[in-house]
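Beneath this line is the structure, given in structure tokens, with notes to follow.
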Protein chains: 2
Amino acid sequence: MPETTWLTPEQLSAWKKLIAVVELLPGTLEAQLQRDADLTHFEYFTLAMLSEAPDRTLRLSDLAAATNATLARLSHVVSRLERRGLVRREPCAEDRRATNGVLTEAGLAVVVAAAPGHVDTVRRHVIDPLTPADVADLDRIMLRVLSVLDPTNAMHAEPTPRP
Amino acid sequence: MPETTWLTPEQLSAWKKLIAVVELLPGTLEAQLQRDADLTHFEYFTLAMLSEAPDRTLRLSDLAAATNATLARLSHVVSRLERRGLVRREPCAEDRRATNGVLTEAGLAVVVAAAPGHVDTVRRHVIDPLTPADVADLDRIMLRVLSVLDPTNAMHAEPTPRP
DNA sequence: AGCGAATACTTGACACGACAACTATTCGAC
DNA sequence: GTCGAATAGTTGTCGTGTCAAGTATTCGCT
């Protein structure tokens, strides 16, 4: 029966605020994207990742890693995006188990149209209330947390334009 | 057509890491609580809030504010918890529109049993990789973000033991 | 070469949250 | 006091994610 070390008041305070943000932030992003572009944040992010890939093409496993989703989830989402003509599936030449996701012209247009509004939302709700020092601190802290949450670094590689 | 101000590389880097945490953290907490206590994080949090309230009782609206949920969501959750005998509904004497949620003995037992494992998870994944200075920075930064995300302060009032 | 294990996805069933519509009660203005 | 508006909560439907199971292909070992 291991002794439980409780949290200090400072830790608890920070923790509760982090939870609150984790609970509230998705809804905020979701709402704006849904309203303006009829996209889930995850759908947006998926399209954005594809838009940055060479030939706007990625194997679904890589895309799953980039968006930090399970393959099952991604498969469903790609199916929906495919129905809307924003993404296309293609068999992968090198590995016939694999499937490539390809961003269509229509899909590209949608991301491009959605990006400014999304960035504005991000600025207004997260970036603007922070000083440059805050941003640096945030980056450092999230990196530390991520290295435990996601030791394989799938999610926080350096390269990638647009939020 | 408003000009879009893009994010600086520093802002982008921090932002992407924050998103990653927001995406990954819930799953981690969820998994442990589900496994060890058969509870959603939200259910745990709900029970925890009740456990701290006077008489382990709260009006559903207050509970919704404390857990930062909509009334509809909370109502569903309370129904599930009620079926499991962890919470009881009671009509509110002062305001007959209102309903009180009351934590049962069984419910209390469940939170108490679940708390140590949950705290350990929180420590391991979030608190331990941070220095005390990081924790202070995190608290400050999340407060700033919250004051925009949740201007009414519903979520981040000071008092409250246990995570 | 061949066979078992691992990889890459797909699909169907189910659970949880969001939204909208509805009931019931209380507040406020006149 | 009464009537309209606001508040408190419930319920049903639907979209999205998770989990488990299934298929197809490739890898690795001997």
Side-chain angles (χ1 to χ4, degrees), chain A residues 22-35 37-47 57-84 87-102 152 154, chain B residues 22-35 38-46 57-84 87-102 152 154:
Chain A
V22 164
E23 194 83 7
L24 291 172
L25 191 48
T28 305
L29 303 179
E30 229 60 68
Q32 179 267 325
L33 281 168
Q34 197 66 49
R35 187 163 34 73
D38 194 32
L39 287 176
T40 300
H41 179 252
F42 183 76
E43 290 171 340
Y44 172 82
F45 202 83
T46 302
L47 297 179
T57 300
L58 278 177
R59 279 151 91 131
L60 293 196
S61 337
D62 295 344
L63 188 51
T67 56
N68 207 75
T70 61
L71 221 30
R73 179 183 183 186
L74 184 65
S75 185
H76 284 302
V77 170
V78 167
S79 298
R80 280 175 238 145
L81 294 173
E82 208 173 13
R83 272 178 233 128
R84 293 168 62 180
V87 164
R88 185 166 17 97
R89 267 185 244 247
E90 269 177 7
C92 177
E94 301 102 33
D95 185 340
R96 293 202 317 227
R97 291 171 301 182
T99 307
N100 286 331
V102 186
T152 64
Chain B
V22 164
E23 194 83 6
L24 292 171
L25 191 48
T28 306
L29 302 178
E30 228 61 68
Q32 179 267 325
L33 280 168
Q34 197 66 49
R35 187 162 34 73
D38 193 33
L39 287 176
T40 301
H41 179 252
F42 183 77
E43 290 171 339
Y44 172 82
F45 202 83
T46 301
T57 300
L58 278 177
R59 279 150 93 132
L60 293 196
S61 338
D62 295 344
L63 188 50
T67 57
N68 208 76
T70 61
L71 223 30
R73 179 183 184 186
L74 184 65
S75 184
H76 283 303
V77 170
V78 168
S79 297
R80 281 176 239 144
L81 293 174
E82 207 174 13
R83 271 178 233 127
R84 293 168 62 179
V87 165
R88 184 166 18 96
R89 267 187 244 246
E90 270 178 5
C92 177
E94 302 100 32
D95 185 339
R96 292 199 320 222
R97 292 171 299 180
T99 307
N100 286 329
V102 186
T152 64

Rounded off to whole Å, could you give me the [atom1]-to-[atom2] distance for the [X] and [N] pair?
X	N	atom1	atom2	answer
B:Leu81	C:dC16	CG	P	10 Å
A:Leu24	C:dA18	CG	P	11 Å
B:Asn68	C:dG17	CG	P	13 Å
A:Leu63	C:dT10	CG	P	11 Å
B:Leu74	C:dC19	CG	P	16 Å

Any side-chain heavy atom of [X] within less than 4.5 Å of one from [Y]?
X	Y	result
A:Arg73	A:Thr67	no
B:Leu33	B:Glu43	no
A:Leu25	A:His41	no
A:Glu23	B:Phe45	no

Between the CG atom in A:Asp38 and the CZ atom in A:Arg84, the distance rounded to the nearest 0.5 Å is 4.5 Å
Of B:Thr57, B:Asp62, B:Leu63, the one forming a side-chain contact (heavy atoms from CB on, under 4.5 Å) with B:Arg59 is B:Asp62
A:Ser75 side-chain N/O to C:dT10 phosphate OP1/OP2 under 4.0 Å
yes
Does B:Arg59 make a side-chain N or O approach to OP1 or OP2 of D:dT7 shorter than 4.0 Å? no
### Query
How would you label the contact of B:Leu71 with the nucleic acid (heavy atoms, under 4.0 Å): base, sugar-phosphate, or nothing?
base
Contact string for nucleotides 15-27 of chain D, one letter per nucleotide 5' to 3', B = base within protein heavy-atom range under 4.0 Å, S = sugar-phosphate only, - = neither, reads -SSBB-----BS-
